[in-house]
There are 2 protein chains.
Amino acid sequence: MSLPHALLTALIERPGSGLELAGRFDRSIGYFWQATHQQIYRELARLEAAGWIEGTAVEGAKGRKRAYRVLPSGRKELARWTVAGQEPMPIRDEVMVRLRAEAVIGPTALADALAKLAAHHRERLEIYRGIEAKGFTPPPDSRAQKLQHLVLKAGIEYERLRAAFCEEAIALMRDED
Amino acid sequence: MSLPHALLTALIERPGSGLELAGRFDRSIGYFWQATHQQIYRELARLEAAGWIEGTAVEGAKGRKRAYRVLPSGRKELARWTVAGQEPMPIRDEVMVRLRAEAVIGPTALADALAKLAAHHRERLEIYRGIEAKGFTPPPDSRAQKLQHLVLKAGIEYERLRAAFCEEAIALMRDED
DNA sequence: TAGCTCATGTAAGGAGTTACATGATTGA
DNA sequence: TCAATCATGTAACTCCTTACATGAGCTA
């Protein structure tokens with residue numbers, strides 16, 4: 001359950017409204033923790049009820065826009081959570097389930113689905129490499145920047161591994177058919 | 001939502017009862033799709049209601065043990081699902097959220113939690129390598145075995161990547177403090 | 001007969017998903 | 001004024017998690 005703390009982090013980086021946060025969750029933070037605007041609004045209400053953030057109406061904006069900022073107790077909560085024990089996250093990988101299924105009932109046309117998936121991961125890989133080229137060359141000096149770069153590199157490795165795996169599986173199924 | 005199809009696959013590999021399946025989900029299948037016995041019992045009831053599996057009471061067993069086997073319509077459903085389009089799965093990675101949080105509020109004692117996590121991944125890596133040594137040397141010939149080996153190798157790569165990532169993060173935080 | 005293990009469940013609640021609802025402002 | 005967009009939400013549902021409940025056989 002990291003959404004509240006992902007939101008706290010995002011709001012410390014830059015205060016903003018619910019929809020602005022939803023936009024950021026389609027990029028940056030969203031690359032490793034997705035959330036819809038419905039979740040975000042619900043969670044912002046909870047964070048405010050807990051006294052961790054404060055929302056103030058934005059005058060002159062469309063609708064009833066509210067800008068949120070993190071309060072000292074919110075920072076404290078984020079610090080507490082950050083060092084709390086990290087349980088290994090349960091893995092739920094549909095692709096592996098499909099391959100195990102293929103192994104017992106195959107051959108099937110699974111390769112087509114895997115080809116699309118590989119393309120998706122290669123796209124993601126290019127996006128991440130673009131972000132790295134723009135934001136992290138030359139390599140950063142500050143501690144915060146180095147940490148963010150590390151997270152990005154993990155994303156790059158993940159996408160590379162996934163794309164390569166799909167292609168290996170496709171090759172294996174093609175050879176055996 | 002792969003649990004029903006993970007169960008169908010497991011039951012084709014070897015018919016069994018709910019608790020036997022729960023045991024297998026603590027190993028093999030469970031390494032990439034976890035499930036508790038509560039989930040499994042509920043899902044088995046659904047699969048039986050859908051006419052995909054059939055459960056028969058096991059005479060002479062403790063309690064009211066039921067053994068399940070997959071019916072032809074269940075095999076058909078599994079084949080249908082296996083080739084259905086695989087949407088890229090949303091990533092939810094708590095560790096990355098913690099590192100982003102560390103970047104904005106750090107330095108913190110996050111390294112301790114990461115060290116424990118790295119140890120967990122190294123353990124998993126050894127388990128997988130053991131399975132590979134026992135079951136996949138020499139490399140298998142059959143298509144089904146090759147696919148299962150591929151899935152295992154993906155697990156090995158994943159654990160290796162995770163452990164290395166944790167260690168890199170720890171090193172970075174140590175150098176900067 | 002008391003406690004342990006095997007075996008199957010129920011109940012309550014949290015988190016996420018999908019579809020829909022509402023109101024304000026902007027631009028054609 | 002009508003549609004699009006910005007902005008915030010409700011409602012219903014599924015899945016997963018945690019804790020607890022129940023009963024049957026085995027063993028000390």
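Lettering follows sequence order; numbering is per chain, from 1. Everything numeric here is computed off the predicted structure, so don't read it as measured data.
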- Query: Tell me: CD1 of A:Ile40 to C1' of D:dT10, nearest whole Å?
  - Reply: 17 Å
- Message: Under a 3.5 Å cutoff, is there a donor and acceptor pairing between the side chains of B:Thr82 and A:Glu102?
- Response: no
- Taking the side chain as every heavy atom from C-beta outward, state whether A:His120 and A:Arg124 have any pair of such atoms under 4.5 Å apart. yes
- Task: Please tell me which of the listed nucleotides, D:dG9, D:dA19, D:dC15, lies nearest to the side chain of B:Arg46?
- Result: D:dC15
- Nucleotide of D:dC16, C:dT8, C:dC20 approaching B:Ser17 most closely (side-chain heavy atoms): C:dT8
- Task: Decide yes or no for A:Thr9 and A:Ile29: does some side-chain heavy atom of the first lie under 4.5 Å from some side-chain heavy atom of the second?
- Result: no
- Task: For the residue pair A:Trp81 and A:His5, categorise the inter-ring angle as parallel (less than 30°), tilted (30 to 60°) or perpendicular (more than 60°).
- Result: parallel
- Query: Does the pair A:Glu157/A:Arg160 count as a salt bridge with the N-to-O cut at 4.0 Å?
  - Reply: yes
- Give the rounded distance in Å between these two atoms: CZ of B:Arg24 and P of C:dA7. 13 Å
- Note on the structure: Considering only heavy side-chain atoms of B:Tyr41, the closest of D:dT17, C:dA7, C:dT17 is C:dA7
- Note on the structure: Which of D:dT8, D:dC16, D:dA19 is nearest the side chain of B:Arg42? It is D:dC16
- Item | Whole angstrom value for the distance that separates C1' of D:dC15 from CE of A:Met1 | 17 Å
- Rounded to the nearest Å, what distance is computed from the CD atom of residue A:Glu87 to the C1' atom of nucleotide D:dT17? 14 Å
- Nucleotide nearest A:Tyr68 when distance is taken to its side chain, options D:dG9, C:dC6, D:dC6: D:dG9
- Using whole Å, report how far CD of A:Gln39 lies from P of D:dT10. 15 Å
- For A:Arg174 and A:Ala111, indicate whether the former's side chain and the latter's backbone hold a donor-acceptor pair under 3.5 Å. no
- Task: Determine the stems involving DNA chain C; a stem requires 3 or more consecutive pairs of the Watson-Crick or G-U wobble kind, each with both distances below 3.5 Å, and the answer is none if no such run exists.
- Result: C:1-28 with D:1-28
- Task: Using a strict 4.0 Å threshold on nitrogen-to-oxygen distance, state whether B:Glu168 and A:Lys146 make a salt bridge.
- Result: no
- Task: Rounded off to whole Å, could you give me the CG-to-C1' distance for the B:Leu21 and C:dG9 pair?
- Result: 15 Å
- Message: Rounding to an integer number of Å, can you tell me how far B:His37 NE2 sits from D:dA19 P?
- Response: 13 Å
- Message: Which nucleotide wins on minimum distance to the side chain of B:Leu19, given the candidates D:dC20, C:dT17, C:dA7?
- Response: C:dA7
- Message: Please compare A:Gln34 and B:Gln38 by the position of their nearest nucleotide in DNA chain C and report the one closer to 5'.
- Response: B:Gln38
- Rounded interatomic separation in angstrom, taking CE from B:Met89 and P from C:dG16: 14 Å
- Task: Please work out which residues in residues 50-64 of chain A have a non-hydrogen atom less than 4.0 Å from an atom of DNA chain D and list them by number.
- Result: A:Lys62, A:Arg64
- Message: Quick one, A:Leu152 and A:Phe32 - any side-chain contact, counting heavy atoms below 4.5 Å?
- Response: no
- Side-chain heavy-atom pair A:His149, A:Pro140 within 4.5 angstrom cut-off: yes
- Query: Quick one: on DNA chain C, does B:Gly18 or B:Pro90 contact a more 5' nucleotide (nearest heavy atom)?
  - Reply: B:Gly18
- Task: Report yes if the side chains of B:Tyr128 and B:Glu159 come closer than 4.5 Å at any heavy-atom pair, otherwise no.
- Result: yes
- Query: Counting side-chain heavy atoms from CB outward, which of D:dT17, C:dT17, D:dT8 is closest to A:Thr36?
  - Reply: C:dT17
